There are 2 protein chains.
Amino acid sequence: MEKTECHKKLMEVGTQLFSERGLKGVSIRELSLAAGTSISMISYHFGSKEGLYQAVLQQQFACFKEIHEIRERVTDPVEMVKSYLLWTFGRHRNNPYLLRFYTSELTNPTAFFEPLVMPVIDEVIVTMAGAIEEGIRQKKFREDVDPTNAALALAGMVNYFFLSSLATRNLISHSPEKDEMLVQQYLDIFTRGIGASSV
Amino acid sequence: MEKTECHKKLMEVGTQLFSERGLKGVSIRELSLAAGTSISMISYHFGSKEGLYQAVLQQQFACFKEIHEIRERVTDPVEMVKSYLLWTFGRHRNNPYLLRFYTSELTNPTAFFEPLVMPVIDEVIVTMAGAIEEGIRQKKFREDVDPTNAALALAGMVNYFFLSSLATRNLISHSPEKDEMLVQQYLDIFTRGIGASSV
DNA sequence: TGTATTCGAACGAACGTTCGATTCCTATCA
DNA sequence: TGATAGGAATCGAACGTTCGTTCGAATACA
């Protein structure tokens, strides 16, 4: 779908700079300089600066659709929690920008939050809440657990881990080879936390 | 410590507008209009727009010092987790702006992140990790739990809950009277999750 | 040859800051 | 007590800069 080298380069630098400093924090002169083009290319290819931001945002959030495929493939609730953790870890590991866009839009929403961001957050939480609800019906999770709150707690634990590691590198050693262990640890904490018995 | 009505009003509107849209997202004309003063008052009272932002940030983050008093007062590790949850819930309930500043600085750091924000995050996590470590020594928490990761998971669960409720009001019914129940629920999830036995 | 792409210059608007004039407050003195 | 001097506080206007966008010319491509 990428048309020209200029278009592609602007998407790249837009992704990097917007994720670090937000929509208002980056000027088109800075973007075009980093992309090695002229400032008029942004309006030409994307209509406006906000158009570039929107294009980047859409590209970043496309991966959230995967939750539905995972939900269809994985039937067991506990296994679904593990799949979510692995999926989320993978997402953040091979895309360091996604979490910044996600959290930045949550905290300081732009005009694109409601149409672009809100729906995907909603889908993920609702999907996971559904899986947890099913786990409760199967007596695998405790009855007194609120599915939506539990889904938020799960998402909170893992997203916040990466959020903190964005800034406080000294607190966390985040080597990819330790991911397997971390996923297992978070899975343990969570399933023990809401589980009727340990798994 | 507040000098004049103008100074006080600028702090108020600065807190509200900066928290919603960030440092770059608010202009001094917008600030002064909302405060009912002239634009020159910002430079007069705070030196610059960034000076106002810094003043607001310092005021917002002052409350994080309380974690030390709590740690001194509460000796039992499990009780410390509960105190942390109650403290955090209370903090977010009576100050809707704090979490936005906190998360915004984490995601899109300004020049004030390193000197002002980073230290307080560090202190809270280290303090809670210390409490959890003591819990492990007392055989109240499992041996294979990493204290820092567990502290991050705890902070993640509860902060993310409020972060989500900032934007997705439809997902969560956040009535203050339910806080007691929510705190207990998060405490259950967490202490069960890392605990050697349920409490 | 004609369409798509890129560039550099220029535009008006909005930005944060500065500055002289004015108002407000308070301590001081007749 | 009433007048007043002086400093603090506030205002409105203007400054120079940066912002995002536009546009005609130039280039590349098919």
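Since the model is a prediction, treat every value here as computed from it, not as a measurement. Residue numbering restarts at 1 for every chain, and letters A, B, ... go by the order of the sequence lines. Note that these values count all heavy atoms, side chains included, but never hydrogens, waters or copies made by symmetry.
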Subject >> Pair B:E143 + B:K139: basic N to acidic O under 4.0 Å >> reply: yes

Subject >> A:H7 and A:F46 aromatic centres sub-6.0 Å >> reply: yes

Subject >> B:L10 CG - C:dT17 C1' separation (whole Å) >> reply: 15 Å

Subject >> B:R21/B:E30 salt bridge by N-O under 4.0 Å criterion >> reply: yes

**OP:** Write down the distance between CD1 (A:I42) and P (C:dT6), rounded to a whole number of angstrom.
**Re:** 13 Å

Subject >> Under 3.5 Å donor-acceptor pair, A:S43 side-chain atoms to D:dG20 base atoms >> reply: no

Original post:
Going by the angle between their ring planes, with limits at 30° and 60°, are A:Y102 and B:Y160 parallel, tilted or perpendicular?
Top reply: parallel

Original post:
Would you say the base of D:dG20 and the side-chain of A:S27 have a donor-acceptor pair closer than 3.5 Å?
Top reply: no

Original post:
For the pair made of CD1 in A:I28 and C1' in D:dT17, what is the distance, rounded to whole Å?
Top reply: 15 Å

Original post:
Would you say A:H45 reaches C:dT6's phosphate, i.e. side-chain N/O to OP1/OP2 under 4.0 Å?
Top reply: yes

Subject >> side-chain N/O B:T4 vs D:dT10 OP1/OP2, d < 4.0 Å >> reply: yes

Original post:
To the nearest Å, how far apart are B:Y44 OH and C:dC24 C1'?
Top reply: 11 Å

**OP:** Would you mind reading off the distance between A:I39 atom CD1 and C:dG8 atom P, rounded to a whole angstrom?
**Re:** 10 Å

Original post:
Counting side-chain heavy atoms from C-beta on, which of C:dT18, D:dC19, D:dT10 comes nearest to B:S40?
Top reply: C:dT18

Subject >> Whole-Å distance separating the CZ atom of A:F46 from the P atom of D:dT21 >> reply: 13 Å

**OP:** Starting at atom CZ of A:R29, determine the distance to atom P of D:dT21, rounded to an integer number of angstrom.
**Re:** 11 Å

**OP:** Measure from CG on A:L33 to P on C:dC7 and round the result to the nearest Å.
**Re:** 12 Å

